[in-house]
Amino acid sequence: MALLPVAKALERLLDGAEPAGTELVGLGQASGRVLAAPLHALRTQPPFDASAMDGYAVRVADIASLPARLKVIGEAPAGKQFTGTVAQGETVRIFTGAPVPLGADTVVIQENVNDLGNGEIEVLEPAVLGRNIRARGLDFKQGDLILDAGRVLDPAALSLIAAANHPDMAVVRAPLVAIIATGDELLPPGSNPGPDQIIASNAYGVGAIAQSVGARVLDLGIAPDRTEAISALVTKALDAEADVIVTLGGASVGDHDLVHGVLTGLGMDLDFWKIAMRPGKPLMFGRLGETRCIGLPGNPVASLICAHIFLKPLLAKLGGRPYSPDIRTGVLDTAMAANDLRQDFVRAIARETPDGLIVTPYTIQDSSMLRTLADANCALMREPFAPAAESGSACRVMMLR
């Protein structure tokens, strides 16, 4: 099978990916979810003309000449409306959020008033009509569209939904990704590995990438290099109705790389296998019924870079979530050799300077070096057959953090 260009592989992987249903969730569970349908206000906010400050509700006509002496006829705290009417020469002590009494048309803040101590006040500063009053419906009115479908529910959106009197809302169902690591050599963190074993790390990084776009993660652990063991975990993923199954390692062409055979044996329709990319050549993608299957490379850096490029946009699309990679233009501060037939994603550091983004690639690019990837903040993108580049040449980077 010929190597598939990265852009073409991504296009095929995303083809037909649509949000898979909705669910109703309460406000307390909605943070970070994606709104599935437009939301309209169930009430008007504020529902009445409300005081914006602590002070006195007055008639502008009564304070045209200063100082103006007024009789205090009552009090209006928040949540308890004054039921009378403010007549000529009268005022009501009012607090922030309280309804403005009938007859009053402005609020004088308490700092501009002298309390005479005998049930009267003296207004010392001028005020204009409507000052310090939030008009009914200033924020929104009943029936107004307050949020469109597709909005990621951040703190401000959730507060708005609550104020509009919605206790719950329809959100896009978060896609479920099942992760299966494979390999006799792998042990979980905290183990005491033998001389021929290593600690499994890829699932944690891949899971975090999935969660960064709102996906749910089902980590099914490590399958040894046996067909029946891999098949059992894939079956668990299918039973859990995973939208995406991600396998880590075992998707190459070696005698112990069994994932491809297991998945095709279970009925997977293979779309592609091997792409023109470094790191990440042995990337596999297919469909097993409604479930998408992605075989990521076993090398840690290749696994995580491929997850950024392929898994992240897929899960975002399945979750109805807007997403595009953070691609920026920078300037190389070192020369680079010509590239071969594969698109290269070179781990690098990008630094903001007064002259723009300066990019320094790491000298060693081995796809097993997690420390380099953790230190890097970008992947320098080099197209297939890119010519040699001198220091000072323009370059494009995909930001990783």
* Determine the sole option in R173, R216, R292 for which the side chain to side chain donor-acceptor pair (under 3.5 Å) test with D243 is passed. => R173

* salt bridge (Lys or Arg N to Asp or Glu O under 4.0 Å) between D269 and R287: does it pass, once the steps are laid out? -> CA-CA 5 Å; D269 181 16; R287 292 175 172 84; over 6 Å; no

* Asked: Below 4.5 Å, heavy atoms only, C-beta onward: do V346 and M336 meet side chain to side chain?
  -> yes

* **Residues in salt bridge (charged side-chain N to carboxylate O under 4.0 Å, His left out) contact with D139, at least two apart in sequence or another chain** => none

* **Polar side-chain atom of N202 near backbone of G298 as donor-acceptor pair, under 3.5 Å** => yes

* Heavy-atom side-chain proximity of T91 to V86 below 4.5 angstrom -> no

Please tabulate, for the side chains in residues 52-69, all donor-acceptor contacts under 3.5 angstrom to protein atoms that are two or more places apart in sequence or on a different chain.
unit_1	atom_1	unit_2	atom_2	d
D54	OD1	T96	N	2.8
D54	OD1	T96	OG1	3.0
R59	NE	D62	OD2	3.0
R59	NH2	D62	OD1	3.3
D62	OD2	G89	N	2.8

* Look only at the side chain of T106 and the backbone of R131, and say whether a donor-acceptor pair between them is shorter than 3.5 Å. => yes

* Just checking, is any N or O donor in the side chain of D355 or T353 under 3.5 Å from an acceptor N or O on the other one? -> no

* **Flag, side chain of D184 to backbone of P224, donor-acceptor distance under 3.5 Å** => no

* Asked: Got a donor-acceptor contact below 3.5 angstrom from the R321 side chain to the V213 backbone?
  -> yes

* Asked: Going from CG on L102 to CG on D105, what distance comes out if it is rounded to the nearest 0.5 angstrom?
  -> 12.0 Å

* To do: For E228, look at atom CD and say whether over 12 heavy atoms of other residues, nucleotides or ligands are found less than 6.0 Å away.
  => yes

* E120 versus V72: any side-chain heavy-atom pair under 4.5 Å? -> no

